[in-house]
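Notes follow the structure.
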Amino acid sequence: MNIQETKLSGCYIIEPKVFGDERGYFFESFNKKQFEEVTGLSVDFVQDNQSSSRYGVLRGLHLQYGDAAQAKLVRVLSGEVLDVAVDLRPESETYGQHVAVKLTAENRKQLFIPRGFAHGFVVVSEQAEFFYKCDNFYNPKAEGGVIYNDQSLNIDWGIPEEDMIISEKDQQLPTFSSFEKIYSAL
Ligand SMILES: Cc1cn([C@H]2C[C@H](O)[C@@H](COP(=O)(O)OP(=O)(O)O[C@H]3O[C@H](C)C(=O)[C@H](O)[C@H]3O)O2)c(=O)[nH]c1=O
């Protein structure tokens with residue numbers, strides 16, 4: 001597998017080695033030993049999630065606070081999404097910066113998102129099956145996030161705002177500056 005660190009430390013783009021033959025293809029979608037050797041990180045995933053969404057669905061920007069923080073390894077099983085990870089680690093040099101990566105069933109790219117990041121994606125194909133591994137369990141009491149269109153984050157989601165399908169809950173997420181006040185009060 002090819003693992004490249006993004007401009008956000010600890011956030012990696014992973015491209016698995018694909019073995020194709022007349023039957024189809026095979027690839028290792030995760031290998032703890034290789035991942036830890038290349039990144040120097042130690043990761044133990046405990047929960048797998050999967051969601052299905054149609055074109056325009058935007059899920060995010062979400063994170064879990066404190067001890068419930070989750071690192072995630074995200075990928076697409078079918079379709080295409082623009083995946084966004086925002087560095088919200090207060091001590092980070094790239095605090096408030098984000099990476100946006102197109103994940104598709106064809107490019108088989110994965111994004112490793114460390115704890116302390118907000119995460120979201122928008123579906124740019126007709127339908128997308130989204131799969132991800134988490135290194136901590138779901139804790140609804142520790143859920144938080146930032147509104148997807150926060151001006152200071154300045155994320156280009158790549159599709160017209162009028163095409164977006166966003167849950168009521170996500171439309172109520174705080175701005176980045178409000179998030180900072182919430183986070184500092186925790
Ligand atoms: C995240 C999660 C949700 N749920 C339940 C709670 C709700 O009844 C239902 C849908 O949850 P939600 O609307 O929060 O699902 P998403 O909007 O896809 O949330 C995810 O969106 C972005 C992309 C993320 O990175 C997070 O992992 C996660 O927040 O599933 C669970 O039972 N376990 C879970 O781990």
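Excluded from the calculations below are hydrogen atoms, water molecules and symmetry mates; all remaining heavy atoms, backbone and side chain alike, are included. Ligands are counted one by one from 1 in listed order, and the atoms in each one are counted from 1 as well.
Using a 4.0 Å cut-off between a side-chain N of Lys or Arg and a carboxylate O of Asp or Glu, Lys32 and Asp44 qualify as a salt bridge. Under a 4.0 Å N-O distance rule, the pair Arg54/Glu126 does not qualify as a salt bridge.
Distance remark: protein heavy atom present below 4.0 angstrom from atom 20 (C) of ligand 1. Shown here, atom 7 (C) of ligand 1 is out of close reach of the protein: none of its heavy atoms lies under 4.0 Å off. Atom 11 (O) of ligand 1 is never approached by the protein to below 4.0 angstrom, counting heavy atoms only.
If you check which protein heavy atom lies closest to atom 18 (O) of ligand 1, you get Arg59 NH1, 2.9 Å. The protein heavy-atom contact nearest to atom 29 (O) of ligand 1 is His62 ND1, 2.7 Å. Among protein heavy atoms, the minimum distance from atom 14 (O) of ligand 1 is reached at Lys169 NZ, 2.9 Å. When only non-hydrogen protein atoms are considered, atom 23 (C) of ligand 1 lies nearest to His119 ND1, 3.5 Å.
In this structure, Asp87 and Glu93 have side chains that are not in contact, with every pair of non-hydrogen atoms separated by 4.5 Å or more.
Of the N and O atoms on the side chains of Ser29 and Arg108, not one donor lies less than 3.5 Å from an acceptor on the other residue.
Residue contacts with ligand 1 include Gln47, since one or more of its heavy atoms lies under 4.0 Å from the ligand. Residue contact annotation: Gln64 has no non-hydrogen atom under 4.0 Å from ligand 1. Residue contacts with ligand 1: Tyr132 is included, with a non-hydrogen atom under 4.0 Å away.
The contact set between ligand 1 and Phe121, taken as ligand atoms under 4.0 Å from a residue heavy atom, comprises 23 (C).
For Gln172, the CD atom sits in a packed shell: over 12 heavy atoms of surrounding residues, nucleotides or ligands are nearer than 6.0 Å. For CG of Asp67, the number of neighbouring non-hydrogen atoms (other residues, nucleotides, ligands) closer than 6.0 Å is 12 at most.
Cation-pi geometry between Arg59 and Tyr148 is not met: the NZ or CZ atom fails to fall both under 6.0 Å from the ring centre and inside 45° of the normal.
For the atom pair Ile159 CD1 and Met164 CE, the distance stands at 5.0 Å (nearest 0.5 Å).
Pairing each heavy atom of Val74 with each of Phe130, the nearest pair is CB-CZ, 3.5 Å.
At a heavy-atom cutoff of 4.0 Å, ligand 1 is contacted by the side chain of Asn49 but not by its backbone.
Backbone and side-chain nitrogen or oxygen atoms of Lys72 are examined, and one is located within less than 3.5 angstrom of a nitrogen or oxygen of ligand 1.
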